[in-house]
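Right, one structure below, let's go through it.
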Amino acid sequence: MARPFRFGVNLMSAAPADEWRAKCRRAEELGYDVILAPDHLGMPAPFPALVAAAEATERPRLGTFVLNAGFWNPALLAREVATTDALTDGRLELGLGTGYVQAEHETAGLPWGTPGERVDHLRRTVEELERLLASEGHQPQPVQQRVPLLIGANGDRMLRLTAEHADIAAFTGARTRDGGSLEPLAAEELDERVALYRKLAAGRAEPAELNLLVQIVIVTDDPGAAIQPWLPRIPHLTEQQVLELPIVLVGTLDDIVERVRAQRDRFGFSYLTVLEPNMEVFAPVIARLREAQAERIR
């Protein structure tokens, strides 16, 4: 049986306290299950942002999407995770990745390293966090027995790490190019990535939840016209190829709802994350899917 859908929104824009709380309350009103914060310079610091989100809301879980492991020392990160989990009453979900923007590391005066070195550092971070947070002697203590771990991955070594440790396997739907640019994956390429993950995770006692970060959401009767402003950013793809990308949801409301269902059937993506600019436009999709789920239960 397919997992029930979950939906998250990644809040990227800094705001004064009242505006931030209002934005988080709005996400809850719209039906989002998870309020997320990224980890990029120029955006809100994730842990205080999530504590403020918890104070403004009751139902959603709170997550990092995702922390740049190169920014963090594992012992200091364990303190942040445990404190934030306590201050959010056990609603935290920890998302981790290697980081992909070289300029941010240089600005912060932190080493960038090779791709292999960044994956090595992430593995050490994951393993040390698991050790520290599971220790009865660690102070402070998280509220949850295990803070759910999400890892954002695409490459082979990252997928292996995700299969071994993550409760949530997050697929970016894109590959990283030099300097921090992202190149979207076609559906057939994503099929291969998900298949490799499933092979690597075959021995797990409990299957992980699969997540996809959706980059573009447009409800429209004219998909071709709506996608035109995006085409210069992906010049190697045709209009139709862009519309068929798994990370692109453009069409009528009915079309998008069916596309989301189809991608869950094809790839297993039951947890979808959208970016803040798409928070309102994606909300009717959530409502429609929830209505259908409620009808099936009745």
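Owing to the predicted nature of the structure, the values given are computational and were not obtained by experimental measurement.
Note: Phe267 and Phe171 fail the aromatic proximity criterion, with ring centroids not under 6.0 Å apart. Ring centers of Trp112 and Phe71: at least 6.0 Å apart, outside the cut-off. Residues Tyr100 and His40 place their aromatic rings such that the two centres sit under 6.0 Å apart.
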>> Determine whether Leu94 and Leu67 satisfy the following criterion, side chain to side chain contact (heavy atoms under 4.5 Å, CB included), listing intermediate values before the conclusion.
In response: CA-CA 8 Å; Leu94 177 65; Leu67 296 184; 3.6 Å; yes
>> Working note: Phe282 + Leu272, criterion side chain to side chain contact (heavy atoms under 4.5 Å, CB included); need CA distance, chi angles, decisive distance, verdict.
In response: CA-CA 11 Å; Phe282 190 68; Leu272 299 184; 4.2 Å; yes
> Can Phe7 and Val274 be said to form a side chain to side chain contact (heavy atoms under 4.5 Å, CB included), step by step?
Replying inline: CA-CA 8 Å; Phe7 304 101; Val274 299; over 6 Å; no
> Between Thr88 and Arg61, is a side-chain hydrogen bond (donor to acceptor under 3.5 Å, both in side chains) present by the stated rule, with each step listed?
Replying inline: CA-CA 9 Å; Thr88 60; Arg61 293 184 63 79; over 6 Å; no
>> Go through it in stages, so that I can follow the logic: the residues are Val126 and Leu149, the test is side chain to side chain contact (heavy atoms under 4.5 Å, CB included), and I'd like the CA-CA distance, side-chain angles, deciding distance and then a yes or no.
In response: CA-CA 9 Å; Val126 168; Leu149 175 63; 3.9 Å; yes
>> Does Asp85 form a salt bridge (charged side-chain N to carboxylate O under 4.0 Å, His left out) with Arg91? I'd like the steps, not just the answer.
In response: CA-CA 6 Å; Asp85 193 51; Arg91 291 158 66 186; over 6 Å; no
> Run the side-chain hydrogen bond (donor to acceptor under 3.5 Å, both in side chains) check on Glu136 and Gln141 step by step: do they pass?
Replying inline: CA-CA 8 Å; Glu136 294 182 359; Gln141 281 280 306; over 6 Å; no
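To the nearest 0.5 Å, the span separating CG on Asp191 from CG on Leu196 amounts to 12.5 Å. Taken from OH in Tyr32 to CZ in Arg26, the straight-line distance is 9.5 Å, to the nearest 0.5 Å. Atom CG of Asp33 sits about 9.5 Å away from atom CD of Glu93, to the nearest 0.5 Å. Note that the CD atom of Glu239 and the CD1 atom of Ile227 stand 8.0 Å from one another [nearest 0.5 Å]. Going from atom CD of Glu55 over to atom SG of Cys24 covers 10.5 Å, rounded to the nearest 0.5 Å. With rounding to the nearest 0.5 angstrom, the NE2 atom of His105 is 6.5 Å from the CG atom of Leu110.
Looking only at side-chain heavy atoms (C-beta outward), Asn154 and Thr176 stay at 4.5 Å or farther from each other. The shortest side-chain heavy-atom distance between Ile247 and Leu190 does not fall under the 4.5 Å cut-off. No side-chain heavy atom of Trp72 sits less than 4.5 Å from a side-chain heavy atom of Thr125. At a threshold of 4.5 Å between non-hydrogen side-chain atoms, the residues Pro184 and Ile234 count as touching. Counting only heavy atoms from C-beta outward, the side chains of Leu11 and Val9 approach each other to under 4.5 Å. Residues Arg288 and Ile256 are not in side-chain contact: their nearest non-hydrogen atoms beyond the backbone lie 4.5 Å or more apart. Contact of the Leu237 side chain with the Leu245 side chain is registered, since non-hydrogen atoms from C-beta on lie closer than 4.5 Å.
Under the 3.5 Å distance criterion, the side-chain polar atoms of Glu183 are left unmatched by any main-chain donor or acceptor of Ala174. In this structure a side-chain-to-backbone donor-acceptor pair under 3.5 Å is missing from Gln263 to Val260. Not a single donor-acceptor pair under 3.5 Å links the side chain of Lys199 to the backbone N or O of Val194. The closest donor-acceptor contact from the side chain of Glu80 to the backbone of Leu77 lies at 3.5 Å or more, if one exists at all. Panel note: side chain Glu164, backbone Leu161; no donor-acceptor pair is recorded below 3.5 Å. One N or O on the side chain of Arg290 and one on the backbone of Gly31 form a donor-acceptor pair closer than 3.5 Å. Side chain of Asn73 to main chain of Ala75: a donor-acceptor pair is present (N/O by atom type, distance under 3.5 Å, no hydrogens or angles). Proximity of a side-chain donor or acceptor of His121 to a complementary backbone N or O of Arg123 within less than 3.5 Å is not detected. With hydrogens and angles disregarded, no donor-acceptor distance shorter than 3.5 Å links the side chain of Thr64 to the backbone of Val66. A donor-acceptor contact shorter than 3.5 Å is absent between the side chain of His165 and the backbone of Glu127.
Comment: Arg193 engages Asp156 in a salt bridge, judged by a side-chain N to carboxylate O separation of less than 4.0 angstrom. A salt bridge links Arg146 with Asp167: at least one charged nitrogen is closer than 4.0 Å to a carboxylate oxygen. Looking at Glu29 and Arg25, no side-chain N of the basic residue comes within less than 4.0 Å of a carboxylate O on the acidic one, giving no salt bridge.
In summary, the side chains of Thr57 and Arg21 do not present any donor paired with an acceptor at a separation below 3.5 Å, with no hydrogens or angles considered.
The two residues Val34 and Gly63 make their nearest non-hydrogen contact at CG1-N, 4.2 Å. Closest approach of Pro46 and Pro38 over heavy atoms only: CB-O, 3.6 Å. In terms of heavy-atom proximity, Ala86 sits nearest to Val143 at CA-CG2, 3.5 Å. Pro74 approaches Leu132 most closely through the heavy-atom pair O-CD1, 4.1 Å. A pairwise comparison of heavy atoms in Ala15 and Glu19 identifies CB-CB, 3.8 Å as the closest pair. When all heavy atoms are compared, the tightest approach of Gly113 to Glu117 is CA-OE1, 3.1 Å.
More than 12 heavy atoms of other residues, nucleotides or ligands shown are found within 6.0 angstrom of CZ on Arg175. Counting non-hydrogen atoms of other residues, nucleotides and ligands closer than 6.0 Å to CZ of Arg160 gives a total of 12 or fewer. Environment of CD in Gln139: crowded, with over 12 heavy atoms of neighbouring residues, nucleotides or ligands closer than 6.0 Å. Within a 6.0 Å radius of CG in Asp18, no more than 12 heavy atoms belonging to other residues, nucleotides or ligands are found.
A cation-pi contact links Arg264 to Phe5, judged by a cut-off of 6.0 Å to the six-membered ring centre and 45° from its axis.
Cluster membership check: Leu182 does not share its hydrophobic cluster with Leu243, using side-chain heavy-atom separations under 4.5 Å among Ile, Leu, Val, Met, Phe, Trp and Tyr. Residues Leu36 and Val101 do not share a hydrophobic cluster, clusters being chains of Ile/Leu/Val/Met/Phe/Trp/Tyr side chains in contact below 4.5 Å.
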Which pairs would a plain distance check flag for residues 201-222, meaning a side-chain donor or acceptor within less than 3.5 Å of a matching protein atom at least two apart in sequence or in another chain?
from: Arg204; atom 1: NE; to: Glu206; atom 2: O; distance (Å): 2.9
from: Arg204; atom 1: NH1; to: Ala163; atom 2: O; distance (Å): 3.0
from: Arg204; atom 1: NH1; to: Ala166; atom 2: O; distance (Å): 2.8
from: Arg204; atom 1: NH2; to: Ala166; atom 2: O; distance (Å): 3.0
from: Arg204; atom 1: NH2; to: Glu206; atom 2: O; distance (Å): 3.3
from: Glu209; atom 1: OE1; to: Arg6; atom 2: NH2; distance (Å): 2.7
from: Glu209; atom 1: OE2; to: Arg6; atom 2: NE; distance (Å): 2.9
from: Asn211; atom 1: ND2; to: Tyr271; atom 2: O; distance (Å): 3.3
from: Asn211; atom 1: ND2; to: Thr273; atom 2: OG1; distance (Å): 3.0
from: Thr220; atom 1: OG1; to: Asp222; atom 2: N; distance (Å): 2.9
from: Asp222; atom 1: OD1; to: Ala225; atom 2: N; distance (Å): 3.2

